[in-house]
Every structure is written in structure tokens, then in C-alpha cells.
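Report on one structure; see the data block that follows.
Atoms within each ligand, like the ligands themselves, are counted from 1 in listed order. FYI, the numbering just counts along the sequence from 1.
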Amino acid sequence: MIPYGRQDISESDIEAVVDVLRSDFLTQGPVVPAFEKAVLEYCHAKFAVAVNSATSALHIACMSLGVGTNDIVWTSPISFVASSNCALYCGATVDFVDIDPLTYNMSVDALSDKLQKAEKVGMLPKVVIPVHLCGQSSQMKEIYELSKKYGFKIIEDASHAIGGKYMGEYIGNCKFSDITVFSFHPVKIITTGEGGMCLTNDPQIALWLSRFRSHGIVRHTSEMTKLPDGPWYYEQIGLGYNYRMTDIQAALGLSQMKRLTEFVEARHKIADYYNNKLTEEWILKPWQHPDTYSALHLYVIRIKEGNSIVGHLQMFEKLRSAGILVNLHYIPIYRQPYYQRMGYKKKDFPNAEAYYKEAISIPMYSSLNTEQQDFIIERINSPMGFQNLF
Ligand SMILES: *Cc1c(COP(=O)(O)O)cnc(C)c1O
């Protein structure tokens, strides 16, 4: 079986985790801040708050930007449900902006049109969450310019994208956003088992992120509403959660950070090989915007609709039956039954619909070898030439 993605764990990763297990602190010790610092130094942002998942990170990111019941949040429909659930957790209303037909990220043209219409009816979003699908940055400069014109905040859902670059600089520097979120789930670029992180350059947002991570509690006198009753004293000044990352997880993350550059380079070699060998004209390969250097979390091909060789479902089944565990990232979020109740219309998202009819994520992870890739490529290029194994 060849999965579509998997973690890459070294002996030194294992040792780093074991060291924490032998130490005094399993959580709230020194390793979480050390991991945060390593990511900050890599990405060139000012503040980082590590949490137990990117879902939690997106939630506290929305909270820190003040998203509440009367607010509207927009994101891309081609994403994991967490990109929009975070706004629903805050009681806000969610809407989607159709994707760009080339990058599959939120379309800047569609965003611009939708903003114009929303302004007329007084329904502008408070926050827009572009998603860097497959590890390729969205067009952040253009989105940032629109944010200045229409007055919304930006959270980059960079769950796929640590180690990628936009305009020559690492994603996560928050140059064109208020907050950037990373995921450290095992299928992503680096892992902590489960984990996520918020990055920001705004000290006030950073304060709220760290408070919401841990119940809304503060421990520094300067943040309290009154002088402490005694040395035991702390104050809860907001309603937060327990979204803390453990030192065990952070140790794995800190160790994985040392290999981040190498991981992304390995993914680029794998993508180059696919790019050269997937030659059939009915296969659409991923397109990279010249402003981006993708982290290549996913390699998505499209089986062109109406071609005479193979259908989308048929290709999917052929590959699965050959032990190649392809996937589809993603079912448009508005198609989920939970979201359908809110009344979204498929016809409002023609590019997302077309993508959903054609996309397949084929295996992409740093330890995928050439032999495995040849096996995969052979089966994609001539899907009818093989017997089903299962
Ligand atoms: C994986 C993922 C998330 C959620 O990450 P977790 O760490 O599993 O909570 C959010 N958004 C996108 C785009 C993702 O791929």
C-alpha cells in the first residue's frame, strides 16, 4: 500500500521525544517555547503560539480578531472543513469565494467581485481566510490590497504550507496577513502527532492568542484587572480553552524543524519526476504561480472530464485497487450536509464544482522512492492496462 501522504520520523526525532519523557515537564515546560522560537526564526515573524491542532489555531485566530455572532467570515470552498468551522465556533456566518481555475486557491477576481456586491448590501466580511492549497501560497499581495480597501482582516490557513515561499519569502512572515496558521498533523510537511501554530506580528493579537490557548487566564500582574491577592493569584479575563501543545509534541516538532528545508526539497524532486513522466494529454498537472515556491503538501492531478481514456471515478478506483491510496482534497465544504442546511448553491462555485469532478491527490511525501513513483506513474498513464488487485 502506498498512502497519499505520511510522516518521516528519524532516530533523532525519537530521541528528542524520549528526552522529554525523561525530563521534569511533559507539558508547559521549556520545549514548547523553543519550538515556537524555531518556527519564528525560520519564517521571520514576531510572535508564535503553539497549540494542539490547526483547528484550535484557526479557532483562537478568529477569536483574537474579534469574530462574533454578527460577523461574516469568507474562505475557500476547496479546503478541509476546519477552515470554515472555526468561524462557526464563534457564532459567525460563513460564506465561500470560488477558486482560481489554475491554482485552485481562492480566486482574487471572484473575491473582488463578491466584495463589491457585499459592500452594496452591507454584508462585508470581518475576516477572510485564504487557504494555501497543496502548499502553494494564495495571491496574498492582491488579497491584502483588497483588505485595505474593504476593511477586513486576514488569516492565512497555511496548514499545507510551512516551508513554502511567497514572493521569495517564507510563508508565515505575516507580511500580508494578521495571522498565519500551520498544521502539524502527520500527513502535513512536519509533524508533532497532532498540533498547530499561530504566527503574528501584532503583540496585542499574540497576547490574546496565548490567553485563549489556556482558558483565558493571565499570570502577569500587568495583564490583571487588580493587584494579586497573593503569590497563588491568577485571573481569567476572557473565555478560553485548553488548546495547549505538550512538550512531548513540541520536541518532535523542534526536531522536525531541522529537516524542514530537506523535506520540501525532497517533495520538489518528487513533483519534478511526476511533472516529467505524467505525459498523457488528458491528465492536467498542477500549475505553479511564478510568485510561489510550494511546500508541495499535495500533488493534485485532474482527469479531464469527457476524455475518451478514463473517467475520474474509474481512475480513482483503479489506483485504489492497485494499492495506491489516492484521495480527493477536497469535497467542496458547501456540499457537506451540515453546510447544505445553510443554503449554499453549487452554481455559485463553478470552478470548485469543476475541480471536484476531476481532482485526485496522488502520493506525495518525502520518503516516496523512485520505484514507487514509477509504479504509480505507469498505472496513471495507462489505467486500463492492469488487472485489479483488490
Ligand atoms: C489539516 C488541515 C486543517 C486542520 O489541521 P489539524 O491540525 O488536523 O486540526 C485545517 N486546514 C487545512 C487546509 C488542513 O489541511
Side-chain angles (χ1 to χ4, degrees), residues 3-7 32 35-36 39 48-63 73-90 94 96-97 99-100 103-106 127-138 140 154-164 171-172 177 179-199 209 212-213 241-246 249-250 252-253 256 267 286 294-300 327-334 336 339 352 355-356 359 361 364-365:
Y4 82 84
R6 62 159 293 146
Q7 70 276 14
V32 170
F35 177 42
E36 289 169 339
V39 176
V49 176
V51 288
N52 58 3
S53 72
T55 303
S56 307
L58 287 162
H59 184 193
I60 60 171
C62 284
M63 289 172 75
V73 173
W74 292 358
T75 188
S76 170
I78 299 298
S79 186
F80 185 53
V81 291
S83 304
S84 54
N85 284 346
C86 58
L88 300 183
Y89 297 154
C90 298
V94 167
F96 301 96
V97 180
I99 60 168
D100 180 287
T103 63
Y104 318 144
N105 283 327
M106 179 184 285
V127 173
V128 172
I129 309 180
V131 180
H132 304 330
L133 195 75
C134 305
Q136 172 170 223
S137 178
S138 305
M140 292 312 301
I154 301 173
I155 300 169
E156 292 175 69
D157 184 346
S159 292
H160 298 182
I162 193 169
I171 292 169
S177 64
I179 302 171
T180 300
V181 168
F182 292 136
S183 172
F184 309 123
H185 183 277
V187 296
K188 308 286 165 75
I189 309 288
I190 63 164
T191 189
T192 60
E194 295 277 3
M197 197 178 282
C198 291
L199 274 66
L209 289 169
F212 289 137
R213 163 172 67 182
Y241 297 83
N242 177 356
Y243 282 169
R244 294 185 304 264
M245 176 180 276
T246 66
Q249 293 167 303
L252 181 54
Q256 291 251 302
R267 287 170 180 273
S294 178
L296 284 168
H297 164 52
L298 300 172
Y299 190 96
V300 172
N327 219 317
L328 202 171
H329 299 94
Y330 293 89
I331 305 161
I333 299 175
Y334 55 77
Q336 296 295 347
Y339 281 84
Y355 172 89
Y356 182 53
S361 305
M364 168 55 85
Y365 48 90

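Taking the charged nitrogens against the carboxylate oxygens, K188 and E194 have no contact shorter than 4.0 Å, which rules out a salt bridge.
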Output, in order, the C-alpha distance, side-chain angles, deciding distance and verdict of side-chain hydrogen bond (donor to acceptor under 3.5 Å, both in side chains) for S294 and Q136. CA-CA 4 Å; S294 178; Q136 172 170 223; over 6 Å; no
side-chain hydrogen bond (donor to acceptor under 3.5 Å, both in side chains) evaluation trace for Y104 with S76: CA-CA 9 Å; Y104 318 144; S76 170; over 6 Å; no
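Ligand-side atoms of ligand 1 in range of A82: 10 (C), range being under 4.0 angstrom from any heavy atom. Which parts of ligand 1 touch G195 is read off a 4.0 Å heavy-atom cut-off, strictly below it: atoms 7 (O). Short contacts between ligand 1 and Y330, defined as distances under 4.0 Å to a heavy atom of the residue, involve ligand atoms 15 (O). Of all atoms in ligand 1, listed by their number and element, those nearer than 4.0 Å to a heavy atom of S79 are 13 (C). For ligand 1, the atoms sitting less than 4.0 Å from at least one non-hydrogen atom of D157 are 10 (C), 11 (N), 12 (C), 13 (C), numbered in the order shown with element in parentheses.
Considering all non-hydrogen atoms of both residues, Y355 and Y330 come closest at CE2-N, 4.0 Å. When all heavy atoms are compared, the tightest approach of T75 to V131 is OG1-CG2, 3.7 Å.
Using a 4.0 angstrom heavy-atom cutoff, H329 does not count as in contact with ligand 1. Judged by the shortest distance from any of its heavy atoms, A57 lies outside the 4.0 Å radius around the atoms of ligand 1. Not a single heavy atom of G196 sits less than 4.0 Å from an atom of ligand 1. Within the structure, ligand 1 lacks F182 among the residues with a heavy atom less than 4.0 angstrom away.
In V131, the part holding a heavy atom less than 4.0 Å from any atom of ligand 1 is the side chain. If you look at T55 next to ligand 1, the close heavy atoms, those under 4.0 Å, come from the backbone and the side chain alike. At a heavy-atom distance under 4.0 Å, atoms from both the backbone and the side chain of A54 approach ligand 1.
Protein heavy atom in closest approach to atom 10 (C) of ligand 1: S159 OG, 3.3 Å. Among protein heavy atoms, the minimum distance from atom 15 (O) of ligand 1 is reached at H160 NE2, 2.7 Å.
Between F35 and F184, a ring centre-to-centre spacing shorter than 6.0 Å is recorded.
When only modelled atom types and interatomic distance are considered, S83 and D157 share a side-chain donor-acceptor pair under 3.5 Å.
Between H185 and ligand 1, no pair of N/O atoms sits closer than 3.5 Å. Looking at ligand 1, you'll find an N or O of K188 within less than 3.5 Å of one of its N or O atoms.
Taking the six-membered ring where the residue is Trp, Y241 and Y243 present parallel rings, their angle staying beneath 30° rather than reaching 60°. Ring orientation note: the planes of H297 and H160 are tilted relative to one another, at an angle of 30° to 60°.
Q256 places a side-chain N or O within donor-acceptor distance of the main-chain N or O of T191, the cut-off being under 3.5 Å.
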